[in-house]
Protein chains: 2
Amino acid sequence: MFAKRMQRVTPSAIMELIKTTAAGDFISFASGLPDPALFPVELLREITDDVLARDGRGALQYGAAEGYAPLRELVAGILRHRSLEATPEHVLITTGSQQAIDLAARALLDPGDRVLIETPSYLAAIQTFDSYEVQYQPLETDAEGIVPERLPEDPGGAKLLYVLPTFQNPTGHTMYRRGREAVAAYVDRHGLAVLEDDAYHDLRYEGIPQPPICALTRSPWTIYTGTFSKVIAPGLRVGYLCAQPELVARLAQLKQITDLHSGSLSQRVVHEYCVRGYLEPGIQLFRSTYTARLTAMLEALQAEMPDRVEWTRPEGGMFVWMMLPRGIDVDALLRQAMERGVVFVPGATFHPDGRGQHTLRLNFVSADEERIRRGIAILGELLRGTIAGS
Amino acid sequence: MFAKRMQRVTPSAIMELIKTTAAGDFISFASGLPDPALFPVELLREITDDVLARDGRGALQYGAAEGYAPLRELVAGILRHRSLEATPEHVLITTGSQQAIDLAARALLDPGDRVLIETPSYLAAIQTFDSYEVQYQPLETDAEGIVPERLPEDPGGAKLLYVLPTFQNPTGHTMYRRGREAVAAYVDRHGLAVLEDDAYHDLRYEGIPQPPICALTRSPWTIYTGTFSKVIAPGLRVGYLCAQPELVARLAQLKQITDLHSGSLSQRVVHEYCVRGYLEPGIQLFRSTYTARLTAMLEALQAEMPDRVEWTRPEGGMFVWMMLPRGIDVDALLRQAMERGVVFVPGATFHPDGRGQHTLRLNFVSADEERIRRGIAILGELLRGTIAGS
């Protein structure tokens with residue numbers, strides 16, 4: 001009875017892990033959850049109350065599929081600061097940036113179409129593409145993301161490039177300007193569409209912002225996605241995409257049949273939060289807190305990990321990626337770690353092609369420094385034992 | 001570059017009409033918008049403030065794809081009162097009931113699959129099915145909805161029946177128990193899946209509730225959808241579906257790749273609103289207000305319409321359906337009406353097969369009685385002129 005596409009819709013390994021460990025007092029390096037202690041609860045209380053008092057009827061009524069007009073305008077302003085061509089007509093408000101990915105895939109991908117994708121990449125995007133029954137052309141990456149020289153000479157009929165060039169999930173890697181320009185030139189040369197996922201843009205702890213690939217290509221088929229989930233709060237479900245107005249109009253038609261529109265109240269609350277000037281100080285709080293946690297994790301890794309274990313040193317975002325010696329069974333390591341109250345995500349999860357057997361992802365934003373140190377010490381102990389015994 | 005499915009994704013005629021008329025002071029019989037004066041703004045202000053004060057971190061954090069557990073439990077209770085087998089595991093919270101329709105279609109429909117559908121039917125559902133590249137088997141209806149005796153002996157390989165048996169959009173018709181039982185037996189006989197859209201369930205102004213078709217069939221492939229949009233406020237974007245737990249689990253996987261989950265704050269606000277006992281009095285206010293408007297519209301139609309114009313007399317919901325004499329150009333009538341400040345939706349819009357040329361839909365809930373009378377008087381005057389001249 002199920003549609004054929006459902007053969008490729010499977011449970012999320014990460015969600016299953018989160019459910020399994022939700023009850024216990026685990027040190028979780030597994031989720032992508034921000035620390036809720038950083039949510040601006042009191043500000044949002046005040047703003048929500050004001051929005052309902054001033055514009056309650058609008059905030060509770062149906063709205064346009066394209067989004068709340070003042071928020072589209074505000075997002076356009078934010079995106080112009082990121083070097084993107086953006087008027088309100090270039091912006092579609094989405095129910096989180098996951099929806100932006102799904103809408104882009106739904107608009108562009110037929111079964112059998114080929115997607116150029118970093119390996120590893122964001123799990124829920126892979127799952128979305130899977131549901132559209134696509135094939136993958138995995139792209140080689142290193143510490144600076146996609147390696148331009150290793151891009152396939154012939155993209156093999158690929159239609160879309162999906163890329164997270166900034167603090168990539170799961171590796172934490174960032175592409176620099178030269179790499180981005182080379183990828184943009186490749187896109188232009190082969191007439192590709194680009195879906196650029198920039199969910200972590202503002203969570204930069206060092207270095208300088210890099211221009212979006214979408215700002216460097218001449219392709220009219222660019223879709224750039226972002227979200228307020230990482231810099232205000234994810235429970236509001238407000239994200240956005242930026243594309244040419246003709247493409248936004250088509251994506252808005254899809255959005256309408258998907259969920260009519262995103263929450264009217266949520267959109268107004270996010271808008272008002274930004275208008276009152278709370279966004280930038282809020283981002284600073286996330287940044288300073290997460291910087292301290294990243295530092296604690298990198299120091300703990302340095303202190304606790306045996307030789308032959310490597311890890312990334314991200315300039316921002318939420319994740320550190322670890323590479324273990326071959327021969328280590330990461331699933332067995334996870335079972336041992338869970339017995340000791342620590343949980344992470346095995347790296348194979350993020351590979352559309354079954355690779356990544358000896359890697360794992362560590363979230364450094366959910367736990368505080370003390371718990372990070374404790375969790376890494378446990379992982380170090382387990383790995384020293386495993387490597388000594390192997 | 002677009003996926004093939006986009007050939008069948010088109011602008012919504014209704015949304016375009018609403019945009020066109022948004023600026024002027026139109027008497028709108030066109031939209032499906034509730035009267036925002038009835039939204040419980042002050043109660044929702046108080047509740048939202050309490051929810052954020054008490055559980056702000058939870059209300060702003062990511063949540064489960066299946067929905068906020070206490071809300072799933074509450075919805076299950078509501079649905080048991082409608083004779084449905086429902087535990088929390090039978091319930092998936094959705095971003096409005098439009099998303100429930102989209103998820104059901106995405107899970108079940110391959111390109112070329114055949115959908116049994118009332119003619120006319122809900123536009124945004126037709127648009128959703130279109131995007132999955134299906135074919136239609138239109139079902140004959142009368143004042144009691146689907147005519148069981150006229151169901152095709154052989155459903156021609158159809159997989160899914162989509163049905164709005166209660167205060168149908170756009171006709172306003174309601175199926176009674178006997179008709180529902182006959183349709184349920186047909187579903188069982190042919191092994192069909194059922195998508196039952198019950199968005200208007202609580203907006204009943206006379207008569208007694210009828211059991212859902214999903215409660216009468218033995219099919220394990222039933223998906224029943226409902227929403228808080230019509231009885232609290234649509235801007236919160238909280239709807240739900242009810243299905244067997246195994247099917248809910250699959251639909252939740254789809255929902256996760258679609259938008260991760262519905263708004264955490266919105267779900268808690270809806271839950272608390274119901275827990276505090278505001279739902280039933282709120283429904284009573286919608287009912288009494290809309291009953292008066294329906295009465296005003298039916299009286300005005302009786303007084304103003306020339307012979308040979310017919311209309312439905314719904315027991316609930318939001319719409320009256322009009323049938324004009326053949327030869328009347330409904331699009332021309334709409335143009336004339338708009339010049340006089342009145343707007344409605346031509347009936348062909350709601351037909352997947354190009355029929356319905358001499359019909360139109362009137363929403364009776366958006367305008368107050370005085371404006372309803374004024375609008376119907378204008379339509380009556382135009383129709384008297386047109387019919388006299390034809």
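The chains referred to below are lettered A, B, ... by the order of the sequence lines, with proteins before strands, and numbering in each begins at 1. From a predicted model like this one, the values you see are computed outputs, not experimental measurements.
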Chemist: Answer with side chain, backbone, both or neither: which region of T10(B) has an atom nearer than 4.5 Å to a non-hydrogen atom of chain A?
Modeler: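 When you check distances to chain A, only backbone atoms of T10(B) fall under 4.5 Å.
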Chemist: Side chain from CB out, backbone as N, CA, C, O: work out which of these in S31(A) comes under 4.5 Å of a heavy atom of chain B, or both, or neither.
Modeler: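 S31(A) has no heavy atom closer than 4.5 Å to chain B.
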Chemist: Short question: side chain of T225(A), backbone of L241(A) - any donor-acceptor pair under 3.5 Å?
Modeler: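 Flag not set: sc T225(A) to bb L241(A) has no pair under 3.5 Å.
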Chemist: Counting only heavy atoms closer than 4.5 Å, note whether F39(A) contacts chain B via side chain, backbone, both or neither.
Modeler: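 Just its side chain gets close to chain B.
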Chemist: Heavy-atom distances under 4.5 Å only: say whether L192(B) touches chain A with side chain, backbone, both or neither.
Modeler: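 Backbone only.
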Chemist: Give, as side chain, backbone, both or neither, the part of A59(A) having an atom under 4.5 angstrom from any heavy atom of chain B.
Modeler: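 Looking at A59(A), just its backbone touches chain B.
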Chemist: With only heavy atoms counted, which part of L44(A) is less than 4.5 Å from chain B, the side chain, the backbone, both or neither?
Modeler: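 The answer is both parts of L44(A).
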Chemist: What is the ring orientation for Y162(B) with F129(B), classed by angle as parallel under 30°, tilted 30 to 60°, or perpendicular over 60°?
Modeler: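 Perpendicular: the ring planes of Y162(B) and F129(B) meet at over 60°.
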Chemist: Name the option with the most non-hydrogen atom pairs under 4.5 Å to chain A; the candidates are L236(B), D102(B), I101(B).
Modeler: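 Result: the option with the highest number of such pairs is D102(B).
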Chemist: Do D259(B) and R237(A) sit within salt-bridge range, that is, some charged N less than 4.0 Å from a carboxylate O?
Modeler: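 Salt bridge: no.
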Chemist: So, T48(B) versus R45(A): side-chain donor-acceptor pair below 3.5 Å or not?
Modeler: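 The criterion, which ignores hydrogens and geometry beyond distance, is not satisfied for R45(A) and T48(B).
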Chemist: Determine, stepwise, if the pair E272(A) / R54(A) fulfils side chain to side chain contact (heavy atoms under 4.5 Å, CB included).
Modeler: CA-CA 12 Å; E272(A) 188 64 21; R54(A) 211 179 48 206; 3.3 Å; yes
Chemist: I need the residue from A124(B), A65(B), S131(B) with the largest number of non-hydrogen atom pairs under 4.5 Å to chain A.
Modeler: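 Top count of heavy-atom pairs under 4.5 Å with chain A: S131(B).
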Chemist: Tell me, side chain or backbone of L109(A) under 4.5 Å from chain B's heavy atoms, or both, or neither?
Modeler: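 Contact with chain B: backbone only.
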Chemist: Does any backbone or side-chain atom of L265(B) lie under 4.5 Å from a heavy atom of chain A? Answer side chain, backbone, both or neither.
Modeler: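 Both parts, backbone and side chain.
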Chemist: Examine whether an atom of A53(A) lies under 4.5 Å from a heavy atom of chain B, and if so say whether it belongs to the side chain, the backbone or both; otherwise answer neither.
Modeler: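 Both parts, backbone and side chain.
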